[in-house]
Amino acid sequence: MNIEKQRKLIDKFYQQYKSDLAEGYPLANETAVVEFQQAEFGRDSIHASTQYNNWLYNLSDKNYRCCFSKDKKVLGQQGSIAFSLNTPEKLIDGAFAIDLRVNNDWKMKGLGVALIGSLINRFELLIGLGISDDAYPMFKRQGWLDLGTVNFYLMPLNFKAFSSPDDKSNESLFLKIRNTIALFCSHFLSLINRIFSKTAALVQIETWNISDVEMLTEVQQNNGTRIQYSTDDLNWRFNNGPFAKQYLKYQVQINQKMVGWVVLKQGQWKHKKVMAISEILVKPTLYKQLILAINQMSQKLKCDAIIFQGLNDEFERTMYKLGYYKRPYADRFMIYGSSEILSSFAKTKLHWKIHFAASDMDFCITQLNEK
């Protein structure tokens, strides 16, 4: 089925359910929305919290949420995080599709298609990251382009990086030897490069302001197909949300001169204390100095590992040379747009620069357990 026929089918279901769809936040029946979110995500889930939904849909006027109700009961929802995408041809207004949920009794009736259709009617391009195996067939039937997965990298800083309370396989002698060698190689590569290369300085900041606009424009210029941030976007994403306390925001300096920024997220992942590389806003020529500085900072803060998920060919090659290992934890990556978009830059994964803070990928880094 070609994209035009698929679009007609999506619109058919959208029109079928349109009269019972409501957009915005908060809705008149917001209490019913919360009840639905608690049932779908869990009673104590961040997704059902007022703080999370207020941040997404009230503190930003770009993001969009659509809910389906019947007989005063909410039975489905679709959320989004809007973005501007810098491409070789032009800026594209798009959104990450997030938090799609449909009541079990309403599955396989076209409601999920209609909810996604509400985004398709609003944005030029949609990106889905972390689409589940259950939802995958529906996305394929709609004409979403499957680009495989993004990539996931881990830098072990101690033996805890390899361990999990639920996995006893690491207790075998072979794996202990393998992990020892891996840890030694990572530390050796990092040490050698620190000796023979300059390391950037990381100066912690609280916020971005109007004086940062010129530098922000410079580091994002001609830097591949990537999300284009404004200072307001950065402050909303890293200072206003429910995860704000976990983000460590740094100005990157070389020889005491500012050259950009990096955002790290400290927390817990798979029972480990990790430092996630959430956003990178420096020129590619400075990736090596930046990664060495991140390594030092993470060791100083006694993290077990550093992790990165996304797509950035130059950054990934630099990580690999500095002792990072590619791991099989990456999210599925799918996109939807016009036939013109899908047949151009978008179809080649190497063209993309997507970092851990894209969509809701780094939400998996939870707060450290208080002891």
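Computed from a predicted structure; not experimentally measured.
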Is it the case that [X] and [Y] place a side-chain donor and acceptor less than 3.5 Å from each other?
| X | Y | value |
| --- | --- | --- |
| Asp134 | Ser132 | no |
| Gln37 | Gln77 | yes |
| Thr231 | Asp212 | no |
| Gln251 | Gln253 | yes |
| Asn29 | Lys73 | no |
| Ser278 | Asp362 | yes |

State whether the side chain of [X] and the backbone N or O of [Y] hold a donor-acceptor pair below 3.5 Å, judged by distance alone.
| X | Y | result |
| --- | --- | --- |
| Asn209 | Ser211 | yes |
| Gln15 | Lys12 | no |
| Gln266 | Leu248 | no |
| Lys349 | Thr149 | yes |
| Thr348 | Leu350 | no |
| Thr366 | Gln268 | yes |

Decide, yes or no, whether a salt bridge links [X] with [Y] under the criterion of side-chain N to carboxylate O below 4.0 Å.
| X | Y | answer |
| --- | --- | --- |
| Asp233 | Arg237 | no |
| Arg226 | Glu279 | yes |
| Lys90 | Glu124 | yes |
| Asp304 | Lys273 | no |

Describe, in one word, how the ring planes of [X] and [Y] are oriented to each other, choosing from parallel (under 30°), tilted (30 to 60°) and perpendicular (over 60°).
| X | Y | value |
| --- | --- | --- |
| Phe356 | Phe152 | perpendicular |
| Tyr17 | Phe68 | perpendicular |
| Phe238 | Trp208 | tilted |
| Tyr153 | Phe308 | tilted |

Between [atom1] on residue [X] and [atom2] on residue [Y], distance to nearest 0.5 Å:
| X | Y | atom1 | atom2 | answer |
| --- | --- | --- | --- | --- |
| Cys67 | Leu21 | SG | CG | 9.0 Å |
| Arg317 | Lys288 | CZ | NZ | 13.5 Å |
| His47 | Leu56 | NE2 | CG | 8.5 Å |
| Ser80 | Asp99 | OG | CG | 9.5 Å |
| Asn53 | Tyr25 | CG | OH | 5.5 Å |

### Task
Take Val203 and Tyr250, measure what side chain to side chain contact (heavy atoms under 4.5 Å, CB included) needs, and give me the verdict at the end.
CA-CA 5 Å; Val203 179; Tyr250 294 102; 5.9 Å; no

Please report, to 0.1 Å, the donor-acceptor pairs under 3.5 Å made by any side chain of residues 105-122, with sequence neighbours excluded.
residue	atom	partner	partner atom	Å
Lys107	NZ	Asn104	OD1	3.1
Lys109	NZ	Asp105	O	3.0
Ser118	OG	Leu115	O	2.4
Asn121	OD1	Arg7	NH2	2.9
Asn121	ND2	Gly117	O	3.2

### Query
Is it the case that one hydrophobic cluster holds both Tyr57 and Phe123, taking links as side-chain heavy atoms less than 4.5 Å apart, direct or via other members?
yes

### Message
Using the rule that Ile, Leu, Val, Met, Phe, Trp and Tyr join whenever any side-chain heavy atoms are under 4.5 Å apart, tell me whether Leu342 and Trp144 fall into a single cluster.
### Response
yes

### Task
Please confirm whether Lys353 makes a cation-pi placement over Phe315, using NZ or CZ under 6.0 Å from the six-membered ring centre and within 45° of the ring normal.
no

### Task
Compute both the distance and the angle, then confirm whether Lys265 meets the cation-pi test with Phe243: under 6.0 Å from the six-membered ring centre, within 45 degrees of the axis.
yes

Report yes if the side chains of [X] and [Y] come closer than 4.5 Å at any heavy-atom pair, otherwise no.
| X | Y | answer |
| --- | --- | --- |
| Trp236 | Tyr229 | no |
| Asn86 | Gln220 | no |
| Met334 | Leu147 | no |
| Gln38 | Ser45 | no |
| Val262 | Ile294 | yes |
| Ile306 | Leu154 | no |

Only one of [options] clears side chain to side chain contact (heavy atoms under 4.5 Å, CB included) with [X]; which?
| X | options | answer |
| --- | --- | --- |
| Tyr336 | Leu126, Ile127, Leu145 | Leu126 |
| His355 | Ile280, Val263, Ile277 | Ile280 |
| Phe333 | Leu311, Asn151, Asp146, Ile131 | Leu311 |

#### Entry: All pairs passing salt bridge (charged side-chain N to carboxylate O under 4.0 Å, His left out) where residues 325-345 contributes a residue, at least two apart
Asp133-Arg332

### Message
Assess the residue pair Met258 and Met215 against the criterion (side chain to side chain contact (heavy atoms under 4.5 Å, CB included)); give the C-alpha distance rounded to whole Å, side-chain angles, the decisive distance to 0.1 Å, and a yes or no.
### Response
CA-CA 9 Å; Met258 183 179 76; Met215 175 61 72; 3.7 Å; yes

